[in-house]
Amino acid sequence: MSEYDVIIVGSGAAGLTAAIALADHCKVLVLAKGELTGGSTAWAQGGIAAVLDAGDTFENHIDDTMIAGGGLNRRETVEFVVENAPHAIERLVEMGVPFNKDAEALHLTREGGHSHRRIVHVDDATGWAVQAALLKTAEAHPNITLLPGQACIDLISGKHELRYSGSGRVWGVYALDEKTGKVHAHVGRATILASGGAGRVYQFSTAPRGATGDGIAMAWRAGARVSNMEMMQFHPTCLYNLDVKNFLITEAVRGEGGILKHPVTGHRYMPDYDVRAELAPRDVVARANDDQIKRSGLDYVHLDISHQDPDFVAGHFPNIYEKLLTLGIDMTKQPIPVVPAQHYTCGGVLIDLDGRTDLPGLYAAGECTESGLHGANRLASNSLLECFVFGEAAAKHIIESWDQLDTPPAIRPWDASRVTDSDEEVVIKQNWTEIRRFMWNYVGIVRTTKRLERARHRIDMMTHEVEDYYGHFRVTTDLIELRNLLQCAELIVRSALHRKESRGLHYTLDYPDLLPQAVDTVLVP
Ligand code: FAD
Ligand code: SIN
């Protein structure tokens, strides 16, 4: 067993922000599955939204966030995040993030749903620069221990105490050391989940391999409520390529003038769907692309920015430009074939403005949460921002309530005495593939009750098989992830069946209208 003051699950924007904010006060352990740079943070392209322009106001950013979110957002959360955004950007600049500049001021790009230019960015690879700066700061702090290669399995709670105290507290996590195959308990006075989204529950996703909703599933199993899991965001423009499956083409391409066209007729179709055309919020553009593809039996649609100055295009999107050249596409001269793909998990573990979950001692921040910021559809570039604001908020609350946080009791070690090595790994591969395929086909951009019920039926059958497997065989990262993917799929489908309207990202042919009141889908374990 290892003991620190605070245990953080995740080394992306949310986890590292919290660790850095805590480290002057206490000893922090940051656990990550695989590499420290393996989360979505390192993959972020477009940038971070903040009101920094003289012509822009907090009110504008709040309104844009609420409009994109279909009114399901909690206004106090939106205000909290938007008002803290300039400070978050300042902190990143201090940590050395080399944001693009226009003379002395930060350069602001534009994305769908934003009424003003307000996205700070580092070319078209903002996430990599942010991840690098946060890691460098964390690595330099003597109170932060970074431990990659640890797949957390479950939260440690009352039932794992050697002498049951009845406190209902969370004390840390059991984690599989991916190198040795041993499971260790890591305990602390407080635990922060910053484990990212569940995008890999879908066959096509822009998210990295480890986005399997582990934190959401762990919190749910431990007794925390989750909310709005039906609100899965699909990005309209993921590259269509038979070899490169999940390469995003940033929304900033549309922000800088890119237009969507039918690949056969060349018709610019977005104005037919929405007056905001290519700069409508993501749910609208993703549905339009999906409609064009299904209506005409296409494999993809075209995103075209070749009418802009070639030096501007190659200079503004250097990474995308280079990547596409290696695939034989010159985006300064020809259109890019794109399709919609899962991109962001708007729902998650319910938290308050201090990052507190329902469970004493358990905090959460970032994509694994439902803070009230995104509502029914996340506004572009509000996600990294949420990580910085809530990573810091959770840290602040832990520091302020330090004296009320008990030290951990003795915890039972992980019991592997009744399991053996698997001789049927095929079960894992089969189920992984199956979940992702039926979630894409039955619980995708456009839903029906019948398809959701088909998905639910499959989940019920698979749950039995996966739990049986989990009970008999030694854990591996693949098995941990499969169990969590299935749990997240169940939460998504249950939430989707519960919502009897079409709002934001949840669009169902059986209930195409909006109900008069916006109500969260809150699931209670
Ligand atoms: P992540 O960065 O995903 O980190 C999760 C961490 O948790 C990782 O360290 C992972 O190893 C760890 N973890 C997960 N499970 C376990 C486990 N069981 N045990 C131990 N560790 C675990 N948002 C924007 O605002 N602007 C953008 O421009 C933007 N572009 C994007 C582009 C792409 C391609 C993608 C996929 C997303 C983009 N997003 C963007 C969304 C944004 O990147 C993410 O929402 C955000 O980075 C999430 O940060 P996080 O800290 O919550 O989680
Ligand atoms: C993008 O660059 O299009 C992604 C931005 C985001 O997800 O916020």
Side-chain angles (χ1 to χ4, degrees), residues 7-18 30-50 109 111-114 119-122 124-128 130-131 134-135 146-154 173-176 178 186 192-200 205-218 233 235-238 246-255 282 285 317 320 341-346 348 364-369 374 378-388 390-391 477 480-481 483-484:
I7 308 294
I8 299 180
V9 181
S11 57
L16 291 181
T17 300
V30 179
L31 300 163
K33 194 167 63 171
E35 294 180 9
L36 292 169
T37 53
S40 294
T41 297
W43 290 27
Q45 291 186 352
I48 307 160
T109 189
E111 289 180 335
H114 288 276
I119 319 291
V120 297
H121 64 107
V122 182
D124 53 356
T126 309
W128 187 253
V130 166
Q131 179 82 61
L134 289 171
L135 261 182
L146 298 164
L147 211 53
Q150 308 295 316
C152 298
I153 306 167
D154 262 319
V173 286
Y174 288 113
L176 168 75
E178 294 176 313
H186 301 280
I192 305 178
L193 283 176
S195 47
R200 283 295 173 133
S205 169
T206 63
R209 165 71 174 70
T212 50
D214 298 357
I216 299 170
M218 284 195 280
Q233 183 169 75
H235 198 291
T237 60
C238 180
N246 60 352
F247 186 70
L248 180 74
I249 308 296
T250 176
E251 188 150 333
V253 170
R254 278 176 284 131
R282 249 173 224 176
V285 185
F317 305 106
I320 295 175
Q342 189 288 338
H343 182 64
Y344 184 81
T345 310
C346 291
E367 193 170 338
C368 65
T369 68
H374 308 306
R378 173 174 69 92
L379 183 66
S381 288
N382 265 357
S383 165
L384 285 171
L385 177 58
E386 182 188 39
C387 294
F388 306 129
F390 276 96
T477 302
I480 294 166
E481 291 179 336
R483 185 174 176 236
N484 294 330

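As the structure lists them, so they are numbered: ligands from 1, and atoms in each ligand from 1.
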With a 4.0 Å cut-off on heavy atoms, does A13 reach ligand 1? yes
The protein heavy atom nearest to atom 53 (O) of ligand 1 is G196 CA, 3.4 Å
Would you say ligand 2 has an N or O under 3.5 Å from any N or O of G46? yes
Residue part near ligand 1, for C387, under 4.0 Å between non-hydrogen atoms: side chain
Distance filter under 4.0 Å to A151 heavy atoms, resulting ligand 1 atoms: 19 (N)
Element-labelled atoms of ligand 1 that are located less than 4.0 Å from some non-hydrogen atom of A194: 5 (C), 6 (C), 7 (O)
Where on E111 is there a heavy atom closer than 4.0 Å to ligand 1, on the side chain, on the backbone, on both, or on neither? neither
Do any heavy atoms of R209 fall under 4.0 Å from ligand 1? no
For ligand 1, is T126 a contact, meaning one of its heavy atoms is under 4.0 Å away? no
Contact partition for L384 relative to ligand 1, non-hydrogen atoms under 4.0 Å: both
Per-atom filter on ligand 2: closer than 4.0 angstrom to a heavy atom of S381 are 6 (C), 8 (O)
Check each heavy atom of D214 against ligand 1 and say whether those closer than 4.0 Å belong to the side chain, the backbone, both or neither. side chain
Looking only at distances, please establish whether an N/O atom of ligand 1 is found under 3.5 Å from an N/O atom of Q45. yes
Which option wins on minimum heavy-atom distance to atom 6 (C) of ligand 2: H121, Q45, Q233, R282? R282
Sub-4.0 Å atoms of ligand 1 with respect to non-hydrogen atoms of A14: 51 (O)
Can S381 be said to touch ligand 1, with heavy atoms closer than 4.0 Å? yes
Would you check, one step at a time, whether the test side chain to side chain contact (heavy atoms under 4.5 Å, CB included) holds for F390 with T17? CA-CA 9 Å; F390 276 96; T17 300; over 6 Å; no
Please report the shortest heavy-atom distance between A217 and N484, naming the atom on each side. CB-OD1, 3.3 Å
For ligand 1, which atoms, with element, lie under 4.0 Å from some heavy atom of G366? 52 (O)
Of all heavy-atom pairs linking Q45 and T126, the shortest is O-OG1, 2.8 Å
Closest approach of any protein heavy atom to atom 27 (C) of ligand 1, naming residue and atom: G47 O, 3.6 Å
N/O separation below 3.5 Å, L385 to ligand 1: no
Using a 4.0 Å cutoff against the non-hydrogen atoms of S11, which atoms of ligand 1 qualify? 6 (C), 8 (C), 9 (O)
Between ligand 1 and A207, can you find any atom pair, the residue atom being a heavy atom, that is separated by under 4.0 Å? yes
If you measure from each heavy atom of I48 to ligand 1, is any distance below 4.0 Å? no
Is there a polar contact, in the sense of an N or O pair closer than 3.5 Å, between S383 and ligand 1? yes
Suppose I only count heavy atoms of A44 and a 4.0 Å limit; which atoms of ligand 1 are within that range? 27 (C), 28 (O), 29 (C), 30 (N), 31 (C), 32 (C), 40 (C), 43 (O)
Go through ligand 2 atom by atom and flag the ones less than 4.0 Å from a non-hydrogen atom of H343. 4 (C), 6 (C), 7 (O)
Is there any N or O on H235 that sits under 3.5 Å from an N or O of ligand 2? yes
So, Q233 versus H374: side-chain donor-acceptor pair below 3.5 Å or not? no
Per-atom filter on ligand 1: closer than 4.0 angstrom to a heavy atom of E367 are 44 (C), 45 (O), 48 (C), 52 (O)
Do any nitrogen or oxygen atoms of K33 come within less than 3.5 Å of a nitrogen or oxygen of ligand 1? yes
Applying side chain to side chain contact (heavy atoms under 4.5 Å, CB included), run through L135 and L146 and close with a yes or a no. CA-CA 9 Å; L135 261 182; L146 298 164; 4.0 Å; yes
With nothing but distance in play, are any N or O atoms of G210 less than 3.5 Å from an N or O of ligand 1? no
I would like to know whether H121 and T250 meet side chain to side chain contact (heavy atoms under 4.5 Å, CB included); could you show each step before the answer? CA-CA 12 Å; H121 64 107; T250 176; over 6 Å; no
Could you tell me whether ligand 2 has any atom less than 4.0 Å away from a heavy atom of L379? no
Please list, in number order, the atoms of ligand 2 under 4.0 Å from a heavy atom of E251. 1 (C), 2 (O), 3 (O)
So is A380 close enough to ligand 2, meaning a heavy atom under 4.0 angstrom away? yes
Before you tell me yes or no, could you show the steps for E481 and R200 under salt bridge (Lys or Arg N to Asp or Glu O under 4.0 Å), namely the whole-Å CA-CA distance, both residues' side-chain angles and the distance that decides it to 0.1 Å? CA-CA 10 Å; E481 291 179 336; R200 283 295 173 133; over 6 Å; no
Check for a donor-acceptor pair, side chain of E111 on one end and backbone N or O of E251 on the other, with a separation under 3.5 Å. no
Verdict with supporting geometry, L16 and T41, side chain to side chain contact (heavy atoms under 4.5 Å, CB included): CA-CA 11 Å; L16 291 181; T41 297; over 6 Å; no
Where on H121 is there a heavy atom closer than 4.0 Å to ligand 1, on the side chain, on the backbone, on both, or on neither? neither
Just let me know how L248 lines up against ligand 2, side chain, backbone, both or neither, with a heavy-atom cut-off below 4.0 Å. side chain
So is H343 close enough to ligand 1, meaning a heavy atom under 4.0 angstrom away? yes
Just jot down the ligand 1 atoms closer than 4.0 angstrom to any heavy atom of G12, in number order. 2 (O), 4 (O), 9 (O), 51 (O)
What protein heavy atom sits nearest atom 47 (O) of ligand 1, and how far off is it? T41 OG1, 2.9 Å
